There are 2 protein chains.
Amino acid sequence: MVTRKEVADLAGVSEATVSRVFNGLGPMKPTTKERVLQAAKQLNYHPNAIAQSFARRRSGNLGVVLPYMPKVHLFSTYYFAEILSGIGEQVREQGYDMLLTLLTPEDSADYIRLFRSQKVDACVILGSRDTPGQRESLQRLQEEKLPFCLVNQHFAGMELSEVDADHVQGSCMAVRHLQEAGYRRIAFLNGSPEYSNSMDRLKGYCQAMNDAGLEVSPQLLFEGNYSRKSGYEAAAKLWEQRDEVEAVFAANDRMAIGLMQGLRERGWTAGRDLAVVGCDDSDAAKLSDPPLTSVSVPFYEMGKAAARRVLGQVLDGESGKSFQVKLPTQLIVRQSSLRNHE
Amino acid sequence: MVTRKEVADLAGVSEATVSRVFNGLGPMKPTTKERVLQAAKQLNYHPNAIAQSFARRRSGNLGVVLPYMPKVHLFSTYYFAEILSGIGEQVREQGYDMLLTLLTPEDSADYIRLFRSQKVDACVILGSRDTPGQRESLQRLQEEKLPFCLVNQHFAGMELSEVDADHVQGSCMAVRHLQEAGYRRIAFLNGSPEYSNSMDRLKGYCQAMNDAGLEVSPQLLFEGNYSRKSGYEAAAKLWEQRDEVEAVFAANDRMAIGLMQGLRERGWTAGRDLAVVGCDDSDAAKLSDPPLTSVSVPFYEMGKAAARRVLGQVLDGESGKSFQVKLPTQLIVRQSSLRNHE
DNA sequence: TTGTATGCGTTATCAT
DNA sequence: ATGATAACGCATACAA
């Protein structure tokens with residue numbers, strides 16, 4: 001490995017001067033600069049980033065914590081992919097790299113290790129669940145005033161830095177849309193309540209139902225796990241009480257699509273025999289048959305905003321105060337929720 | 001920051017002993033070990049990973065190089081997502097983290113910088129294109145004997161380490177499948193020729209056509225850019241010569257689906273009025289209407305294999321010799337390629 | 001404008 | 001079984 005010293009020797013200057021040249025610091029004679037660059041080029045010198053990180057006590061990496069689930073192809077989950085794309089865009093703009101860490105729920109105490117280890121300057125946490133252990137880990141991060149931020153989730157009563165979407169509003173819109181189309185017996189297929197999104201969507205559903213003077217009957221509530229399969233299975237249960245249901249709002253697109261597939265096998269087509277609305281407005285919503293009405297969530301922007309803010313705290317010395325951002329959602333109407341479209 | 005020194009002082013031992021305890025090296029008295037761990041816990045000490053990397057000259061990170069394209073939500077691309085998931089699985093098993101870097105084609109000379117900077121111990125390169133600049137950069141990496149590996153692409157005549165899929169075979173199978181279904185006038189919608197996959201698929205298409213004694217007429221060849229939109233646009237061109245075409249093989253699912261959507265607007269349904277086969281067997285293939293017959297590619301396994309091998313070179317001192325792996329593909333038959341399915 | 005000197009927190013080698 | 005100490009490659013405060 002070529003070091004600064006060798007460059008300094010060849011150029012006939014001190015090591016400090018080489019550093020100055022490479023960091024563009026302080027005034028320097030153009031000829032000296034030229035000599036140094038010349039020597040560096042000749043030796044094929046490249047500063048050692050690890051040594052730089054070590055000396056500067058800054059890594060140039062933004063940590064991204066993802067939940068590890070065996071057998072799950074994590075990156076293929078629409079919202080993770082979109083959030084990561086947004087983070088990627090932002091870190092690129094700031095010359096940072098992304099350090100991805102996959103943590104199981106049991107590893108989660110390791111948030112601290114991530115920072116302590118100095119491998120990252122700031123971090124963004126995705127897909128953590130609301131459990132006592134998680135809350136404790138996050139609380140500790142908070143207490144140590146480390147620059148971190150949650151994306152697409154909210155821990156009630158904790159004042160953590162978060163960039164979330166207004167899932168209550170989105171769900172409310174979705175259900176209202178169904179009501180305006182004339183449906184009254186609207187079921188709700190939710191995901192695991194460990195995610196704040198699920199609770200928010202339930203809240204939005206209830207709110208819209210109540211506002212319309214409709215009862216939230218327990219038999220209208222279904223629960224899956226956000227997989228297509230669980231939506232498919234929900235179709236069976238729903239089928240048993242098909243006379244009581246005119247429409248379904250599902251907490252994500254995958255479940256909505258699984259549901260539609262399950263119903264189709266029984267002869268029911270969404271948009272004709274019942275109305276279906278999903279959440280995420282993923283690519284799948286555009287491709288499904290019929291195209292799925294869905295609540296669009298600005299995941300990309302959320303990832304980008306989260307990265308911008310935590311890096312801002314590090315680089316521009318922005319306030320370390322926790323922040324809460326909540327971006328609006330939007331309803332994209334397609335055929336699955338229209339009456340008699342075919 | 002709590003350092004080893006403070007722990008040593010509190011435990012009444014030397015710094016070296018603290019290191020030994022934390023690295024589990026050499027023999028040591030259990031009581032000493034206990035005292036050190038106790039002190040560390042009390043002070044909330046965590047070894048500084050940057051300092052460790054610096055001293056060990058090893059980062060514990062696997063670099064992943066991705067192409068940066070403005071406005072493209074990179075991680076949402078099915079095959080990147082799958083490959084990344086596979087890499088993620090493997091690095092987790094080895095206790096490594098993934099360092100993601102987004103490079104534009106112009107940045108590509110920076111492959112070297114990645115290693116020189118010591119931020120990564122090995123790296124995996126995704127989505128690079130076959131251009132003179134790329135070849136030169138990769139050549140240099142090769143010359144420096146740095147442990148790296150390409151995934152899902154092949155640079156003819158270079159003997160680089162690669163984990164690829166047998167796209168020639170996959171395409172050949174797809175076209176044969178169409179031929180066996182009785183189609184003879186089979187069009188091919190390819191993506192950009194800058195990707196080796198595209199060339200491989202063309203080769204497979206031609207091979208199957210020739211084997212069947214069919215002519216590869218230029219008017220049967222279409223080119224898109226792997227986006228759904230480009231498939232949609234291809235539908236218009238294809239429509240003009242609809243009397244000459246019975247079936248279409250598309251180089252990825254997105255284009256195949258765009259094509260089907262474009263044709264449907266003109267009244268043609270895949271699986272009824274013509275047959276369509278895609279590539280990747282992405283989620284979209286299962287969701288589309290009709291479900292899309294597609295060539296399944298083991299992206300996840302490819303990512304995992306690539307990570308395993310480059311990390312093996314680093315950790316287990318495996319041979320640094322370049323390796324070429326080519327995994328088989330599989331044809332998944334669904335309704336889009338069946339005749340008169342509805 | 002440039003050089004000198006110190007420190008960053010480890011690992012690893014050599015003593016004891 | 002444990003301690004002392006020299007690297008590791010750079011940033012940076014201070015001196016010249």
Side-chain angles (χ1 to χ4, degrees), chain A residues 1-40 43-61 113-121 314-315, chain B residues 1-40 43-61 113-121 314-315:
Chain A
M1 156 165 290
V2 184
T3 69
R4 193 180 58 165
K5 184 171 187 323
E6 304 175 47
V7 176
D9 289 349
L10 179 57
V13 300
S14 73
E15 295 190 45
T17 298
V18 178
S19 278
R20 289 195 193 94
V21 169
F22 273 82
N23 295 320
L25 290 178
M28 48 196 164
K29 215 189 288 182
T31 60
T32 326
K33 176 174 177 178
E34 199 43 55
R35 275 218 315 286
V36 169
L37 289 176
Q38 186 59 42
L43 296 173
N44 195 19
Y45 165 78
H46 294 260
N48 179 323
I50 291 289
Q52 287 178 320
S53 296
F54 182 51
R56 293 189 176 122
R57 262 90 110 250
R58 180 172 288 175
S59 67
N61 298 331
R113 183 188 59 81
L114 241 196
F115 282 102
R116 277 320 217 311
S117 73
Q118 304 255 56
K119 271 188 146 184
V120 305
D121 301 336
V314 174
L315 298 176
Chain B
M1 153 163 296
V2 184
T3 70
R4 193 180 57 163
K5 184 171 189 320
E6 303 174 48
V7 177
D9 289 348
L10 179 58
V13 299
S14 73
E15 295 189 45
T17 299
V18 177
S19 280
R20 289 197 192 92
V21 169
F22 273 83
N23 294 321
L25 290 178
M28 49 195 160
K29 216 189 289 183
T31 59
T32 323
K33 177 174 178 179
E34 198 45 53
R35 276 217 315 285
V36 169
L37 289 176
Q38 187 59 41
L43 295 173
N44 195 18
Y45 165 77
H46 294 260
N48 180 324
I50 292 289
Q52 287 180 320
S53 296
F54 182 51
R56 292 188 178 125
R57 267 162 267 132
R58 180 172 290 175
S59 67
N61 299 330
R113 184 188 59 82
L114 239 196
F115 282 102
R116 277 321 214 315
S117 72
Q118 303 258 53
K119 271 187 147 186
V120 304
D121 301 336
V314 175
L315 298 176

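Note that the structure is predicted; figures quoted are calculated from it, not measured. Naming convention: chains lettered A, B, ... in sequence-line order (proteins, then strands); numbering from 1 in each chain.
- B:Ser59 places no side-chain N or O within 3.5 Å of a backbone atom of B:Ser53 that could act as its donor or acceptor partner.
- Here A:Asn48 contributes atom CG and A:Phe54 contributes atom CZ; the two are 11.5 Å apart, rounded to the nearest 0.5 Å.
- Listed by residue number, the members of residues 31-39 of chain B with any heavy atom below 4.0 angstrom from DNA chain C form an empty set.
- The distance from atom CE of A:Met28 to atom P of C:dG3 is 13 Å, rounded to the nearest whole Å.
- Per the geometry, CG belonging to B:Asp9 stands 11 Å off P belonging to D:dA4, to the nearest Å.
- For A:Ala55, the side-chain contact (heavy atoms from CB on, under 4.5 Å) test picks out no residue, with sequence neighbours left out.
- The minimum heavy-atom distance between A:Asn44 and A:Val2, with the atom names listed, is O-CG2, 4.1 Å.
- OP1 or OP2 of C:dG3 lies within a sub-4.0 Å distance of a side-chain N or O belonging to A:Thr17.
- Although no hydrogens or angles enter the test, the distance criterion places a donor-acceptor pair under 3.5 Å between the side chain of A:Arg35 and the main chain of A:Ala11.
- B:Met1 places its CE atom 11 Å from the P atom of C:dC8, with the value rounded to the nearest Å.
- One finds the CZ atom of A:Arg4 at 4.5 Å from the CD atom of A:Glu15 (value rounded to the nearest 0.5 Å).
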Under a 4.0 Å heavy-atom criterion, the protein footprint on nucleotides 10-16 of chain D, written with B, S and -, is BBBB---
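- Rounding to the nearest 0.5 Å gives a distance of 13.5 Å between NZ of B:Lys33 and CD of B:Gln38.
- If you take CZ of B:Arg58 and P of D:dC8, they are 17 Å apart, rounded to a whole angstrom.
- Stacking between B:Phe54 and C:dC8 is absent: the aromatic ring centre is not both under 5.5 angstrom from the base six-membered ring centre and within 30 degrees in plane angle.
- In this structure, A:Arg57 atom CZ and C:dT10 atom C1' are separated by 14 Å, rounded to whole Å.
- Minimum interatomic distance between A:Asn61 and A:Lys119 (heavy atoms only, all atoms of both residues): ND2-O, 3.2 Å.
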